[in-house]
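Here is the structure we will look at, set down as structure tokens.
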Amino acid sequence: MGFLDLDNEKTMNQMKTNLRMPRMFLHWAEHEARIGWLPPNLRGVFDMARAALWQVEGERMPLDALMRRLKATPGTEIAQALDALMEPSAGLLVAEGGLVFDLVQVSEWADCVRKADINRENGKKGGRPSGRPQPPTVTGNPPPQF
């Protein structure tokens with residue numbers, strides 16, 4: 001397997017840096033329930049892969065680029081672990097259309113973007129709506145001041 005030329009403009013357009021969500025939100029109990037059955041070496045590679053995937057917008061990356069980021073070469077333990085994690089029976093990493101991704105992480109990304117968009121719109125309006133009905137505004141004479 002040849003390595004992807006990361007200086008190639010087409011590749012760089014596919015892998016825009018994730019500047020929008022610099023933090024990866026991780027639900028540890030859910031994560032443990034999902035990967036608790038894996039041996040430690042596969043758990044480590046899975047977490048390394050997720051961290052690398054979070055660094056690009058949309059959490060999708062060509063396999064060659066992911067292998068380069070993980071410093072894996074074909075035939076090494078990390079490369080074999082990635083192959084095992086991409087097995088459909090594992091249900092962890094998906095390789096589709098030349099890109100590798102984690103469906104759960106893609107869903108988490110979509111939720112984060114949705115929340116950020118809502119927060120941005122609320123910020124433009126002065127903050128989150130209170131949810132309480134606002135009293136009607138009275139027109140005419142103002143109430144007397146004592």
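Put simply, the residue from Arg50, Lys115, Arg114 that forms a salt bridge (charged side-chain N to carboxylate O under 4.0 Å, His left out) with Glu108 is Arg50.
Here the closest heavy-atom approach between residue Met67 and residue Thr73 is recorded as CE-C, 3.9 Å. Closest non-hydrogen pair, Ala72 versus Ala79, comes out as CB-N, 4.1 Å. Here the closest heavy-atom approach between residue Ala49 and residue Leu70 is recorded as N-CD2, 4.1 Å. Contact detail for Leu99 and Pro62: the closest heavy-atom pair is CD2-N, 3.5 Å. Taking each heavy atom of Leu92 and Arg34 in turn, the nearest pair found is O-NH2, 3.5 Å.
Scored by the salt bridge (Lys or Arg N to Asp or Glu O under 4.0 Å) test, Glu96 finds no partners at all (sequence neighbours excluded). In this structure, the salt bridge (Lys or Arg N to Asp or Glu O under 4.0 Å) partners of Lys124, at least two apart in sequence or on a different chain, are Glu121. By the side chain to side chain contact (heavy atoms under 4.5 Å, CB included) test, Pro40 is found to be paired with no residue, residues two or more places apart in sequence or in another chain being considered. For Trp37, there are no ring-ring contact (aromatic ring centres under 6.0 Å, His included) partners two or more places apart in sequence or in a different chain.
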Decide side-chain contact (heavy atoms from CB on, under 4.5 Å) for Leu42 and Ile35; before the verdict, give the C-alpha distance in whole Å, the side-chain angles of both, and the deciding distance to 0.1 Å. CA-CA 9 Å; Leu42 291 182; Ile35 68 165; over 6 Å; no

Run the side-chain contact (heavy atoms from CB on, under 4.5 Å) check on Met86 and Val100 step by step: do they pass? CA-CA 8 Å; Met86 289 187 292; Val100 177; 3.9 Å; yes

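Under the 4.0 Å criterion applied to side-chain N and carboxylate O atoms, Arg69 and Asp64 are not assigned as salt-bridge partners. A salt bridge links Arg120 with Asp117: the distance from a Lys NZ or Arg NE/NH1/NH2 to an Asp or Glu carboxylate oxygen falls below 4.0 Å.
Applying the salt bridge (charged side-chain N to carboxylate O under 4.0 Å, His left out) test to residues at least two apart or on different chains, none of the pairs has a partner in residues 71-80.
Val106 forms part of a hydrophobic cluster together with Val94, Phe101, Leu103, judged by ILVMFWY side-chain heavy-atom separations under 4.5 Å.
In this structure, the separation between CG on Asp102 and CG on Leu85 is 10.0 Å, given to the nearest 0.5 Å. To the nearest 0.5 angstrom, Ile78 atom CD1 is 12.5 Å from Asp83 atom CG. The CG atom of Leu53 sits 10.0 Å away from the CZ atom of Arg60 when rounded to the nearest 0.5 Å. Atoms CG and CE, on Leu66 and Met48 in that order, are 9.0 Å from each other to the nearest 0.5 Å. Atoms CG and CZ, on Leu63 and Arg68 in that order, are 12.5 Å from each other to the nearest 0.5 Å. To the nearest 0.5 Å, the span separating CG on Leu38 from CD on Glu32 amounts to 9.5 Å.
Between Phe46 and His31, the ring planes lie parallel to each other; the angle is under 30°, not in the 30° to 60° tilted range.
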